[in-house]
Student: 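Can you read through this structure? Questions will come right after.
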Amino acid sequence: MKLFEFMAKELFSQYGIPVPRGKVVKSPEEAAAASREIGAVVVKSQILSGGRGKAGGIKFADTPQEAADMAQSILGTDLKGFVVDTLLVEEKIKIDQELYLAITIDKANRSPILISSASGGMDIEELSEDKLVKRNIDVGIGLQPYLARELARKLGLTGGVAQQASEIMVKLYKLFREKDAELVEINPLVVSGDTVLAADGKINIDDEALYRVGDSVPHTEERTELEQKAAALGISYVQLDGDIAVMANGAGITMATLDILQYYGGRPANFMDAGGGAGVEPTAKALEILLASNPKAILVNIFGGITRCDDVAKAFAQVKQTRGIDVPMVIRLVGTNQEEGVRILKENGIDSYRTIKEAVEKVVEITGTKAVE
Amino acid sequence: MKLFEFMAKELFSQYGIPVPRGKVVKSPEEAAAASREIGAVVVKSQILSGGRGKAGGIKFADTPQEAADMAQSILGTDLKGFVVDTLLVEEKIKIDQELYLAITIDKANRSPILISSASGGMDIEELSEDKLVKRNIDVGIGLQPYLARELARKLGLTGGVAQQASEIMVKLYKLFREKDAELVEINPLVVSGDTVLAADGKINIDDEALYRVGDSVPHTEERTELEQKAAALGISYVQLDGDIAVMANGAGITMATLDILQYYGGRPANFMDAGGGAGVEPTAKALEILLASNPKAILVNIFGGITRCDDVAKAFAQVKQTRGIDVPMVIRLVGTNQEEGVRILKENGIDSYRTIKEAVEKVVEITGTKAVE
Amino acid sequence: MAIIIDDKTRVVVQGATGKQGSFHLKQMLAYGSNVVAGTSASKAGQSVEGVPVYDNVFAAAEAEQPNASIIFIPAQGAKAAAFEAIEAGIKTVVIITEHIPVHDAMEIMALAEIKGATIIGPNTFGIISPGKCKMGIMPNSIYLPGKTGIVARSGTLSYEIVYNLTAAGMGQSTVVGLGGDRVPGLSFIDLLQRFEADPETENVVLVGEIGGNAEEEAAEYIKTMRKPVVAFLAGKSAPPGKRMGHAGAIIERGKGTFESKVKALAAAGAKVASLPWEVPELLSGGSV
Amino acid sequence: MAIIIDDKTRVVVQGATGKQGSFHLKQMLAYGSNVVAGTSASKAGQSVEGVPVYDNVFAAAEAEQPNASIIFIPAQGAKAAAFEAIEAGIKTVVIITEHIPVHDAMEIMALAEIKGATIIGPNTFGIISPGKCKMGIMPNSIYLPGKTGIVARSGTLSYEIVYNLTAAGMGQSTVVGLGGDRVPGLSFIDLLQRFEADPETENVVLVGEIGGNAEEEAAEYIKTMRKPVVAFLAGKSAPPGKRMGHAGAIIERGKGTFESKVKALAAAGAKVASLPWEVPELLSGGSV
């Protein structure tokens, strides 16, 4: 779950990481009032995406009137696919140096990694490796102050600035660990005179950990309603622009099913990973989500492992009996309890195939798409 | 630093470990009042020593009048060298089983060790090994609930009692770690009906950690005034019953010096380890402590390492010049900056020796004790 | 031979009395795995399909000397379950559980490294050495003992590959699921090294997918391998994924796309299949 | 040879600019130790006796490749200093600091075990391989290169023994102080094993004292040793110490007294000296 910049900064403040003075506003009037209190400000659109500056979502204002005008010009606009309804109005700070500081998960090393640079700001990912200071953190030891001081030294910082930067690293690591974050990022971390502060911030919280940190962090939602409905069922669902609805169980097989369908000339209407081990009811509901999107046909590819073929078959039979299924369905069904599943489908007048090749060829034929071969 | 039983129980309560209802009282009247509130009680003397029960420091009372009588009979008495001025008046609990539970430091394994037994109560140290459940705790992992449940199972506990006992283990470990304890001990840990509670408790806090946990634990003092004065100087000092005052630097060499003195027929008046690296002022103060005990002679054995011989010599010269030294002093002085030290002593009319054998023979001769050889 | 598990493996099932645990315990027994114990905090003393259930892994270890554990404990308790297995001295731990918080996974991996334990998963279908031992949730029917080692990120996709191999009469030495989570216990390289060293394995199939740079790293090792490697990758048609801030971009450095992976693997000498059913032909030395 | 440190040891001094640190840095240099770096959070860039001072051990390690560290940091910062040395890859860490909380010591030892580092101390006089390297606070003048290994719990008492050995013309291979704290990094056995394996060491002196059961445990190992061991123990005349609750009694089980230790060591074949100056005679094969 991504947090808005203003939420990230609230968490930074909680952990003692300095941020500029600022106010969250939703109208030009509030923006003007904030500017009256703060002085010269920067007006920043709050969206769950980077690249706001280049897209015109960050503007400067020296007076309350200018702040209101800038707010007016941003609010309600579409930025990178998000409609702006919230702004952060912040004091304009003098920037002497822009640093970059992030902690995320290094999958290869299976541990947290701190990434920092003395050349922060825009286009950070274009930096060459020698401009970066990277260090894996041992979760058993944590990021100790001595290591943070060493990293600050490697960034070329000295004196009070080095001390503040190293303290911010330690606090950011604490936040990262305690809030189950996948990413905490400060870009830029600004040196302004003799103080160091977080001028922008990104935090992603691990969705799987929301059950334990959810009450202590603000919440955001960037999924569509249908995606949320699917997620509530434990299903990964992403809308695509084709006409053949696809369901499979497992991220890899779902991707491969889309690949094969496309290879044979079909156009998938969605990505739906019904997950492993879904029982009768969740599978029935997943099928209803597919039907709700009005596809030309439905392609189902189930290789039963933790998912049992008989459960899947029962779900399809149930939906057919209660709601009715008015589009062609092509089902590939093998694996755990396969015989029982095939029998149940047959009893309900649904044919099934043993290979994905047969199933894909069939669905492409039904929908009238020309096959490649 | 040892804590009184009532203090240990306050900490147990803070950590969610159940204890009997009780009141700390200092007079028969307060004891009667506590009994009126609680009912049948046990009146327990609060001293920094075990074995109170056998020594008559624990008595039962069914009525407030009895409680007052019992308090009267214990208060002011001398128990194991301590004058009783505080009592804990506690509800009398039904005892179905007495367990033993302690966590301390296993020097050999360099880690915490949990020791427990289903046969708690008196004479626990007489138990055979097969009656004990012992387990070293990995400080990196801590005492996890699953391990505590396994230990409860090994004690032969089942059901709710096993569950409560395992939770108490986890809480006791947390207390042990967070309060820098050297020992936390519950004996007995009582099974009373379907509940488990700590009927008695001992906690020793690491003196070296008082700087960081001192504010969060109650304080006690069991040293004499002279010992406290010495401790404030970083000096280990224990009064003995002989007439030759001894100072050395290092616990081992001090012990060995006493051994040798005794071997040659001398009787040490004290154990004084002046520590490593003491400078001029602390050494002078240590010497003044020795002089204050009015010995027949003073034996000093300094092998300079982190302690510098010149510092020691300066200290002795200073005391001789300012306060005067009216008893014979025999000094053995070798090691770091030895030549300078010997020179300073000589300038101040103090002879020094290069071997402990010579020094001990000399001091024994002076004090008129007959040597063994 | 085979890698990691074989007919000497003694399995303890953590969470043996739950719905998934008891179902798959039965399936593993049916496959012939030597399941010697189960654990359940509330149902110790019972048995599941004749397998005795103990309070915890310590008790099971004392009574039955298992040397491998498979975990069917829900996500909130999975870290403790893995710690328990490791602290009880189990050296191979298969974590089926999905939705484990990634910080828990990092802690599990850190402890496993300290204690010298091998973690398979989390969110894996498990591991199977056909004809010898199965620890996982894969269907029993599709495997055939043989000479091909398979390592996959995704479960069901590996079944698809195995299904095609078995249909072509090509058996498997060991099939391992790395697990679909962000921090798995083993990498492609860890498994490729074991397969390269295993006398019973003649060739290897790597089943990967887009995202991360594990396949690119594997390619570096494949360059040094004696045994042939065939790869299949999923995700060619997927829209670009969401990236994890600048930090993610810095770590991936442009790797992670379908094209990047195919290129790296092909350059390393691996044959890359376009469709799952092409894998047997490529393994046989043919082309498609 | 010699054990743990020798003429290839490159020493970094943590806390090199403090009173004790700078004094002993100078003494170590004077002895001929190869002190390559010092650390100081506030005085990096300076030098002490010509030895460059760095911000921390990481920086020192990068510039000077030390392989051993000696810590003169006050107790409140000593755990962090030891962690820093270990995390920076130093494999031999000598902790001179006394008054370190025992929980900190346990954490240091746990990390050292994980990372494969050897800790000498805390509260030790250090270690010296005469003529090769000294890392510690012992006086420079009393040691003589030779064939006797010495391991001691107490510093000054070891000087006494060494003084007598050197006076008798008997040199030392390595002299090690375990440290006087409750949780030392090494045990008598750890050192006896190293001395037994060291070709340069011909015999060993164990300098123990009352309390704990380390000497009794050492006796078990001495039974298996090829090289002769002479022991000296302090504390014969000491009043009985205060015991640490029942738990302490359970752990010690009656061990820890002077008599128990003498009995165990004598039974294991060690000669036990009654007075420090008897040690050379006993080492020479004589009796007293």
Side-chain angles (χ1 to χ4, degrees), chain B residues 50 100 102-108 110-113 115 124-125 127 132 134 138-140 177 180 182-183 185 187 202 204 206 208-209 211-212 238 240 248-256 258-263 268 271 275-277 302-307 334-336 338 355-357, chain D residues 20 24 27 75-76 96 98-107 109-111 114 125 136-142 152-160 163 180 182-185 187 207 209-210 212-214 217 232 234-239 244-251 274-277:
Chain B
Y100 173 81
I103 302 172
T104 187
I105 290 154
D106 182 3
K107 295 174 198 175
R110 306 179 302 176
S111 71
I113 184 168
I115 302 175
I124 179 77
E125 63 262 51
L127 280 181
L132 295 168
K134 296 197 277 190
D138 186 321
V139 290
R177 289 283 288 150
D180 272 306
E182 292 181 312
L183 169 75
E185 188 171 71
N187 187 32
K202 266 200 189 65
N204 295 9
D206 180 5
E208 309 293 13
Y211 75 88
R212 62 186 178 198
V238 181
L240 300 173
N249 60 327
I253 193 78
T254 308
M255 277 195 281
L258 297 187
D259 292 352
I260 297 166
L261 180 59
Q262 202 149 317
Y263 186 91
F271 170 103
I302 299 294
F303 209 122
I306 197 165
T307 303
V334 288
T336 308
Q338 169 182 331
T355 72
I356 178 66
K357 185 163 184 283
Chain D
Q20 296 294 343
H24 288 290
Q27 293 289 319
Q76 301 194 17
I96 301 300
E98 53 184 352
H99 302 302
I100 294 179
V102 66
H103 283 251
D104 287 2
M106 289 194 294
E107 290 178 37
M109 302 318 159
L111 183 66
I114 290 168
F125 60 93
I137 59 174
M138 58 287 268
N140 286 354
S141 56
I142 60 174
R153 273 166 81 173
S154 167
T156 327
L157 186 51
S158 81
Y159 308 163
E160 187 69 45
Y163 189 74
R182 292 147 296 177
V183 173
S187 68
V207 185
E209 57 193 58
I210 54 167
N213 53 2
E217 287 176 357
F232 176 76
K236 185 177 186 182
S237 65
M244 188 72 78
H246 297 292
I250 288 170
I251 291 178
S274 299
L275 293 163
W277 51 86

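Being a predicted model, the structure only gives us computed values, none of them experimental. The chains referred to below are lettered A, B, ... by the order of the sequence lines, with proteins before strands, and numbering in each begins at 1.
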Student: In the structure I gave you, are the side-chain heavy atoms of D/His99 and D/Gln76 within less than 4.5 Å of one another anywhere?
Tutor: no
Student: Measure B/Pro268 against the heavy atoms of chain D and call it side chain, backbone, both or neither at under 4.5 Å.
Tutor: neither
Student: Non-hydrogen atoms of chain B under 4.5 Å away: do they reach the side chain of D/Asp104, the backbone, both or neither?
Tutor: both
Student: For the candidates D/Ala234, D/Ala105, D/Gly155, D/Pro101, which exhibits the highest count of non-hydrogen atom pairs separated by less than 4.5 Å from chain B?
Tutor: D/Pro101
Student: To the nearest 0.5 Å, what is the distance between CD (D/Glu209) and CD1 (B/Ile253)?
Tutor: 11.0 Å
Student: Heavy-atom cut-off 4.5 Å, strictly under: side chain, backbone, both or neither for B/Ala209 against chain D?
Tutor: both
Student: Can we say D/Arg182 and B/Glu208 salt-bridge, meaning some charged N sits less than 4.0 Å from an Asp/Glu carboxylate O?
Tutor: no
Student: Got D/Glu160 and B/Ile356 here, is their nearest side-chain heavy-atom distance under 4.5 Å?
Tutor: yes
Student: Among B/Ile260, B/Ile103, B/Val139, who wins on heavy-atom pairs under 4.5 Å with chain D?
Tutor: B/Ile260
Student: For B/Gly252 versus D/Leu157, what's the shortest heavy-atom pair and its separation?
Tutor: O-CD2, 3.7 Å
Student: Heavy-atom distance under 4.5 Å to chain B: side chain of D/Ile114, backbone, both or neither?
Tutor: neither
Student: Please examine the side chains of D/Tyr159 and D/Phe125, heavy atoms only from C-beta on, and report whether any two atoms are closer than 4.5 Å.
Tutor: yes
Student: Which atoms of B/Arg212 come close to chain D, meaning under 4.5 Å heavy atom to heavy atom: side chain ones, backbone ones, both, or neither?
Tutor: side chain
Student: Among B/Asp259, B/Thr355, B/Thr336, single out the residue with the greatest number of heavy-atom pairs under 4.5 Å to chain D.
Tutor: B/Asp259
Student: At a 4.5 Å cut-off on heavy atoms, which part of D/Gln20 comes close to chain B: side chain, backbone, both, or neither?
Tutor: side chain
Student: Which bit of B/Asn187 is near chain D, if near means a heavy-atom gap under 4.5 Å: side chain, backbone, both or neither?
Tutor: side chain
Student: State the OH-CD1 distance between D/Tyr163 and D/Ile142, to the nearest 0.5 angstrom.
Tutor: 9.0 Å
Student: Taking B/Asp206 for its side chain and D/Val102 for its backbone only, find out whether a donor-acceptor pair lies under 3.5 Å.
Tutor: yes
Student: Under 4.5 Å from any heavy atom of chain B, what part of D/His103 do you find: side chain, backbone, both or neither?
Tutor: both
